[in-house]
Amino acid sequence: MSTQQAHHDARQLAADSSAARRQRHVPLDEAQLLETQRAFDSVAADYDGPRGNNELIQRMRLTLWDTVHSELPPNARLLDLGCGTGIDALEFARRGFHVVATDWSPQMVERTQARAAACGLQSRVTATHLGVQQLDQLDGSFDGIYSNFGPLNCAPDLQDVANECARLLKPGGKLVFSVMGRICPWEVGHYTLRGRFKRAGVRATRGATAVGMNRHTIWTYYYMPREFFRAFAGDFSLQSYRALSLFMPPPYLVDYYRRRRRWCERLGRLDDRFGNLPLLRDMGDHFLIVMRKR
């Protein structure tokens, strides 16, 4: 993306539509935050297995890994928001970064600590129990902050997160976030064809949405890129954003992918080639957005 195009995109994304101006997120209460925590605690034991890291998830992981690697200098200090079981944190440690890994789920943090110890990477990975709504408790400064697979979709107040990222990030530092988007054509088609019309339109819901996982509830906000960037526009400039899993099926359709692997790999190449184009990059299971602190 050219500098001129990036500036144009930043102006476009920062200019809220009238509908976005009318939208006001009602912050999650303590009970909802604890429900989300319990949901992730319940899957921590096997979340680095097929549940949380199948082939389609891994493909998206690689995109974030390579983006962070290309955007930040060697030996940079990184903050991981919503580290899960530490798959991303350990990968960046292996690539020479120093990572402070945080998560709202204490069970996920324990898994990250155990994985780091097993790999002998304790000197490069520090895992701590801290939710994205608690960043005011964190001190220090970072060269980059990343978040993968939607922890920021569970943030009670995205503006607070943006403010804390600005405080914690060095001037010129980068944010690299993978965020669940509002428009996922695969999801709409998949559930519409099965007559599950309410589920097909769940991402269009304004405000927090109850999403089931392992008989628990995750309270989730969905965003268009322009909605998401709005919270960060005061302190950050937009570098780029692109769709993830637009043509490729979303991760929960991994069985479809396994039955039609060659066909889906062709779709994946379409993601790689066209996922950063205008209009197309506003869709997909997730979007990957890169911002720079002014």
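As the structure is a computational prediction, the values presented were derived from the model and not from experiment.
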*Is any side-chain heavy atom of T67 less than 4.5 Å from a side-chain heavy atom of V290?*
yes
*Do F92 and Y146 have ring centroids that are under 6.0 Å from one another?*
yes
*Backbone of G84 reached by a side-chain donor or acceptor of D103 within 3.5 Å*: yes
*Taking the side chain as every heavy atom from C-beta outward, state whether V100 and T102 have any atom pair closer than 4.5 Å.*
yes
*asked:* List the residues meeting salt bridge (charged side-chain N to carboxylate O under 4.0 Å, His left out) with R111, not counting sequence neighbours, and say none if there are none.
replied: D48
*Please answer whether the main-chain N or O of G189 pairs with a side-chain N or O of T192 as donor and acceptor at a distance below 3.5 Å.*
no
*asked:* Taking Y222's backbone N and O only, do any of them form a donor-acceptor pair with R203's side chain (distance below 3.5 Å, no angle check)?
replied: no
*Looking only at non-hydrogen atoms, find the nearest pair between A89 and V125 and report the distance.*
O-CG2, 3.9 Å
*Should T126 and Q113 count as side-chain neighbours, where that means a heavy-atom distance under 4.5 Å?*
no
_Would the distance check show the side chain of T217 and the main-chain N or O of M213 forming a donor-acceptor pair, the cut-off being under 3.5 Å?_
no
*Would you call M224 and I183 a side-chain contact if the rule is heavy atoms closer than 4.5 Å?*
yes
*Any chance the side chains of N163 and Q159 put a donor and an acceptor closer than 3.5 Å?*
yes
*Centres of the W186 and Y256 rings: under 6.0 Å?*
yes
*Assign the ring pair Y223 / Y221 to parallel, tilted or perpendicular, where the plane angle (0 to 90°) is split at 30° and 60°.*
tilted
*asked:* Would you say L280 ends up clustered with L267 if hydrophobic residues are merged whenever their side chains have heavy atoms under 4.5 Å apart, either directly or through other cluster members?
replied: yes
*Under 3.5 Å, is there a donor-acceptor pair linking the side chains of N276 and Y241?*
no
*Are L138 and F232 connected in the hydrophobic side-chain network, where two residues link if heavy atoms are under 4.5 Å apart?*
yes
*Among all residues two or more places apart in sequence or in another chain, which pass the salt bridge (charged side-chain N to carboxylate O under 4.0 Å, His left out) test with R266?*
none
With a 3.5 Å cut-off and sequence neighbours excluded, list the donor-acceptor pairs that the side chains of residues 169-180 form with protein atoms.
| from | atom 1 | to | atom 2 | distance (Å) |
| --- | --- | --- | --- | --- |
| K170 | NZ | D143 | OD1 | 3.3 |
| K174 | NZ | E71 | OE1 | 2.5 |

*CD of Q58 to CD1 of I87: how many Å apart, nearest 0.5 Å?*
7.0 Å
*asked:* Do S105 and R38 make a side-chain contact, defined as non-hydrogen atoms from C-beta onward lying under 4.5 Å apart?
replied: no
*Nearest atoms (heavy-atom pairs only) where A93 meets R124*: O-CD, 3.5 Å
*asked:* Applying salt bridge (charged side-chain N to carboxylate O under 4.0 Å, His left out) to E164 and R167, what does each step give before you reach the verdict?
replied: CA-CA 5 Å; E164 291 301 323; R167 178 180 67 84; 2.7 Å; yes
_Donor-acceptor contact present, side-chain T112 to main-chain G86, <3.5 Å_ = yes
*Can the positive tip of R196 be found less than 6.0 Å from the middle of the six-membered ring of Y191, inside 45° of the ring normal?*
no
*Just by modelled atom types, is the G49 backbone N or O under 3.5 Å from a matching donor or acceptor in the D46 side chain?*
no
*Might you confirm whether atom CZ of R273 has over 12 heavy atoms from other residues, nucleotides or ligands at distances under 6.0 Å?*
no
*Mind running salt bridge (charged side-chain N to carboxylate O under 4.0 Å, His left out) on E91 and R95 for me, showing each step along the way?*
CA-CA 6 Å; E91 174 65 22; R95 295 189 184 201; 2.8 Å; yes
*asked:* For a quick test of reading the model, state the closest non-hydrogen atom pair linking S147 to L64 and the distance between them.
replied: O-CD1, 3.8 Å
_Where V132 and L135 come nearest, the two heavy atoms and their spacing_ = O-CG, 3.5 Å
*Close side-chain approach of R59 to D272, heavy-atom, < 4.5 Å*: yes
*If we ignore angles and hydrogens, is there a donor and acceptor under 3.5 Å between the side chains of R77 and H98?*
no
*Is L72 reachable from L168 through a run of I, L, V, M, F, W or Y residues, each pair having side-chain heavy atoms under 4.5 Å apart?*
no
*asked:* What I'd like to find out is whether the side chain of F149 reaches to under 4.5 Å of the side chain of M60, using heavy atoms alone.
replied: yes
*Who are the ring-ring contact (aromatic ring centres under 6.0 Å, His included) partners of W219, not counting sequence neighbours?*
none
_Do R94 and C119 have side chains that approach each other closer than 4.5 Å (heavy atoms only, starting at C-beta)?_
yes
*Does N54 use its side chain to pair, donor to acceptor, with the backbone of L56 at less than 3.5 Å?*
yes
Donor-acceptor pairs under 3.5 angstrom involving side-chain atoms of residues 244-253: please list them, not counting sequence neighbours.
| from | atom 1 | to | atom 2 | distance (Å) |
| --- | --- | --- | --- | --- |
| Y252 | OH | E187 | OE1 | 2.8 |

*Do any N or O atoms from the side chain of R182 and from the backbone of T205 form a donor-acceptor pair under 3.5 angstrom?*
yes
*asked:* Donor-acceptor pair, distance only, cut-off 3.5 Å: does the side chain of H286 make one with the backbone of A243?
replied: no
*asked:* Between W104 (side chain only) and L33 (backbone N and O only), is there a donor and an acceptor less than 3.5 Å apart?
replied: yes
*State plainly whether one hydrophobic cluster holds both Y47 and V109, where clusters connect Ile, Leu, Val, Met, Phe, Trp and Tyr through side-chain heavy atoms under 4.5 angstrom apart.*
no
*Excluding sequence neighbours, so at least two apart, what forms salt bridge (charged side-chain N to carboxylate O under 4.0 Å, His left out) with R61?*
D88
*Go through the steps to decide whether W263 and Y257 satisfy the test ring pair (Phe, Tyr, Trp, His ring centres under 6.0 Å), and finish with yes or no.*
CA-CA 8 Å; W263 163 246; Y257 166 82; over 10 Å; no
